[in-house]
Amino acid sequence: MIFSRRSNLPSIKETAHRVNQLALPHGGERYRSTPAAAQSYPDAFSWVSAIRSSSQNGRFKDALCLYTRMQGSPFVPTTFAISAALKACARIPAKVSGTAIHAQVHKFGHERDVYVQTALVDLYSKLGDMGIARKVFDEMPARNVVSWNSILFGFWRAGDLLAARRVFDEIPVKDAISWNSMIAGYAKAGDMPQAESFFRQMPHKNVASWNGMISGYILKGNVAAARKMFDEMPERSNVSWIEMISAYAKCGAVHSSRELFDQREDKDLGSWNAMIACYAQNSWPKEAILLFGEMLETGDLKYGLEVESYMSRIGIELDDHLRTALVDLHAKCGSMDKAYKLFNSLSRRDLVSYSAMIMGCGINGRVSDAIHLFDKMVNEKMSPNAITFTGLLTAYNHAGMVDEGYQCFSSMMNVYRVPPSADHYAIVVDLLGRTGRLEEAMSLITSMTVKPHTGVWGALLLSCKIHGNVELGEIAAKHCIELETESESSGYIILLANIYASVGRWDDAKRLRREVEEKSLAKTPGCSWLGLG
DNA sequence: GTAGGGTTAG
C-alpha cells in the first residue's frame, strides 16, 4: 500500500487519474514553486520524504507544491503523503487545498485511516470549521488521544469552553497535551482559578504546564505570581525565560529583565531578542544597539546564522538588501559556498554585493575569484569604491602577490580615482613588509597623504619582527605607542622587546618587558570597566 | 516514516 505504483494497482490508477483532474492547489491558493519544490523523485517514498522535510522546516507551501506535483508523477499519494499535505494545509492555513485533499481521501478510500482522519480533524479545527471537524471526528471508526486532542484544541480555539470541557471529560486516556490544553485554555480565557485547578490535578506536569500558568498570570498583569511560578518550577525552557524577560519589559522593569537575562546560561536567540526588544520598547536605544552588537560578537557570528534560519522560519522574504547582508555574513564566516549561492540568487548585483563577495574571497584566500569578480564588476560598468579595493588588496596580500598588489594599489588612485585610506596603506605595508621589502614599506608610509594609524605602523612593526630589523622596528613601535592609549600599548612594546631579543640585545628586551610589567601592576587598581571613571 | 498542545521576541 505504501509503496504502491499505479501500474500495480489498476483500480487505483483510474481513480488517481480522475483525481489528478482536481489540479491542486487552485482557487486563491496558488503557490510559487521554489527550487526545493521543483525536483522530481524516483519513488513514492522519496516524494513523501521531500514533502515531510519541507513541512518540518516550516516550508508548508513547498510541501503543498510537492504534493501537487506528485499528482503528475507515476505514484499514487499514500496515507503518508496525504497526512503530510493535510498538515501543511492546516498550518498555512489553506482551506481550498485542504478541502480538495479531503475529497481525495474519499477517492482513495482512506476513510478508516486514523492518521489521515486525525489530520482532517486538526485541519478543520484550525480552520475554525468545527461543524465539519466534529462530523469527521464522529464518523471515525477508531480514535486515539491525538484525535481527541485535535478536536479539543478546536473547541478551545473556537472559544467554546463548555464543549472543550465536555470533550476533555470524555477522553478515555488523557495525556500531557490534553491537560496542558485545559490549563492554557483557561489561562488564555482569563480564568486563572480554573487553570490552577487543572494544574493542581494534573498528574505529571511538564515545562509547558508551568509555562501555561506563567503566561496566564502575565496576561492578567500579575507578574509577581508569574515570577513565583517561574522560581518554583523544577526546570525552565526558553519560553519560560523569554516570557518572564518580556513580562518585565512590558511593565517597564528594565533592570529586572536584565537581571534574568544575565542569569540565563547558554542564551538562545530568543532571549537576546527579548532583551534587545526590552531596551527598544523602553526607549533605551543605545543599550539595544550595544546588546545587538554583543550578540553578534558572542559565539563567532553563530547567532547571525541563526537569524537567517529564524527569518526563513517565520517566512520573511529575503530581498536583495537582506541577501547582501547575508552574503557578507557567510563570506566573513568562511562559508564561501553559501555566500556564492546567495550572491547568485540576487535579482540585481550591485557595488555592495560585489564588494562583499570580493572581501569574502580576500579574507578566505581566494585570489583568482576576487580578481574575477572585480573584472566582472568593472565590465558591468560599476565603479569600485574603497571597500572593493580593501577586499581586492586583502586577496593579494593573502596570496603574497607583491607586485600585483602594488599595481592594484596604484591603479586605485590613477585609474579609478579612489583615494587610498590608511587601511589600504596598512595592507600594502604588510604586503611589502612580510616579503622583506621594509625600506619600500617605510618610504611608502612617509609618502602618505593621510595620517598613518596604528594599523599601518603595526604592520611595519610586525614585519620588522619577522625580519629582525631593529632600526625600523624602533621607529614603528614608537609611533604605535604614541598613537595608542597607554593601556593598549603593551602589545607593541612586547613586540619591540622580541625584536631586541631576536638580535641578541637581551638587556634592552628585559628592560622593556619589565616596563610593561610595572605598568600593568601600577594600573591594576584603577583598571575598572564598570564605568566609574 | 504519518496526526496533536506550549507562543515568548515582532
Side-chain angles (χ1 to χ4, degrees), chain A residues 1-3 44-53 55-56 63 77-91 110 113-123 125-126 133 136-137 140 143-154 156-157 164 168 171 174-185 187-188 205-216 218-219 226 230 236-250 257 260-261 267-281 288 292 295 306-307 310-311 313-316:
Chain A
M1 172 78 231
I2 295 165
F3 294 96
F45 181 86
S46 309
W47 278 103
V48 174
S49 304
I51 296 170
R52 283 191 57 219
S53 85
S55 216
Q56 267 162 11
T78 58
T79 56
F80 296 89
I82 291 174
S83 31
L86 285 172
K87 179 184 179 172
C89 292
R91 295 299 199 81
H110 295 315
D113 187 279
V114 67
Y115 289 97
V116 169
Q117 294 301 317
T118 301
L120 281 170
V121 170
D122 185 57
L123 169 71
S125 288
K126 288 208 167 83
V136 175
F137 182 80
M140 281 175 80
R143 307 174 187 101
N144 59 24
V145 67
V146 181
S147 332
W148 282 99
N149 287 341
S150 298
I151 194 103
L152 176 63
F153 169 82
W156 273 118
R157 220 191 113 112
F168 179 79
I171 303 178
K174 302 164 178 66
D175 69 1
I177 294 180
S178 326
W179 284 96
N180 286 347
S181 298
M182 297 309 281
I183 295 168
K188 269 187 214 158
K205 301 172 192 41
N206 63 19
V207 194
S209 327
W210 291 85
N211 286 345
M213 291 299 290
I214 290 176
S215 77
I218 291 170
L219 208 65
F230 179 83
R236 300 172 190 95
S237 69
N238 291 335
V239 174
S240 335
W241 286 93
I242 296 165
E243 255 185 309
M244 277 317 299
I245 291 171
S246 47
Y248 283 127
K250 276 179 195 134
S257 278
L260 280 184
F261 176 76
K267 294 175 181 64
D268 68 315
L269 180 64
S271 302
W272 286 96
N273 277 346
M275 195 59 226
I276 293 166
C278 170
Y279 283 134
Q281 285 161 4
F292 181 71
M295 177 181 97
E306 253 186 64
V307 170
Y310 176 71
M311 288 194 304
R313 208 164 55 239
I314 63 171
I316 291 179

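Here the structure is a predicted model, which is why all the values come from computation and not from measurement.
Nucleic acid contact for Ala277(A): sugar-phosphate only, since backbone atoms but no base atoms lie under 4.0 Å from a heavy atom of the residue. Counting any heavy atom pair closer than 4.0 Å across all strands shown, Ser237(A) reaches no nucleic acid atom. Across all strands shown, Asn211(A) has no heavy atoms under 4.0 Å from either base or sugar-phosphate atoms. Using a 4.0 Å heavy-atom distance criterion, Val48(A) is classed as a base contact. Contact annotation for Phe153(A): backbone-only contact, meaning every heavy-atom pair under 4.0 Å involves sugar-phosphate atoms and none involves a base. Residue-level contact check: Asn206(A) touches the bases, meaning some heavy atom is under 4.0 Å from a base atom.
The distance from atom CE of Met213(A) to atom C1' of dT8(B) is 18 Å, rounded to the nearest whole Å. Rounded to a whole Å, the CD1 atom of Ile245(A) is 12 Å from the P atom of dG10(B). Nucleotide dT8(B) holds its P atom 18 Å from the CD1 atom of Ile276(A), rounded to whole Å. Between the P atom of dG6(B) and the CG atom of Asp175(A) lies a distance of 13 Å, rounded to the nearest Å. Put simply, CD on Glu243(A) is 6 Å from P on dT7(B), counting in whole angstrom units. We find that CZ of Phe80(A) is positioned 6 Å from C1' of dG1(B), with the value rounded to whole Å. With rounding to whole Å, Lys205(A) atom NZ is found 22 Å from dG5(B) atom P. Met275(A) has its CE atom 15 Å from the C1' atom of dT8(B), to the nearest Å.
Distance from the side chain of Asn273(A) is smallest for dA9(B) among the nucleotides dA9(B), dG1(B), dG5(B). When the nucleotides dG5(B), dA3(B), dG6(B) are ranked by their closest atom to the side chain of Ser181(A), dG5(B) comes out on top. For Asn144(A), taking side-chain heavy atoms from C-beta onward, the closest of the listed nucleotides dT7(B), dA9(B), dA3(B) is dA3(B). Side chain of Val239(A), nearest nucleotide from dT7(B), dA9(B), dT2(B): dT7(B). Closest contact between the side chain of Asn180(A) and the listed nucleotides dG1(B), dG5(B), dT7(B) involves dG5(B).
Taking the side chain as every heavy atom from C-beta outward, Met182(A) and Trp156(A) approach each other to under 4.5 Å. Ser147(A) is not listed as a side-chain neighbour of Val121(A), based on a closest heavy-atom distance of 4.5 Å or more.
Within the structure, a side-chain polar atom (N or O) of Ser246(A) is placed less than 4.0 Å from OP1 or OP2 of dA9(B). Close to dA9(B), at under 4.0 Å from its OP1 or OP2, lies a side-chain N or O of Lys250(A). Of the side-chain N and O atoms in Thr79(A), none sit less than 4.0 angstrom from OP1 or OP2 of dT2(B). Taking only side-chain nitrogens and oxygens, Lys126(A) comes nearer than 4.0 Å to OP1 or OP2 of dG5(B).
Between Thr118(A) atom OG1 and Asn144(A) atom CG the span is 5.5 Å, to the nearest 0.5 Å.
Between the side chain of Arg236(A) and the backbone N or O of Phe230(A) there is at least one donor-acceptor pair closer than 3.5 Å.
Under the rule for a side-chain contact (heavy atoms from CB on, under 4.5 Å), the partners of Ser46(A) that lie at least two apart in sequence or sit in another chain are Tyr41(A), Pro42(A), Asp43(A). Residues forming a side-chain contact (heavy atoms from CB on, under 4.5 Å) with Arg52(A) (at least two apart in sequence, or on another chain): Val48(A), Gln56(A), Ala84(A).
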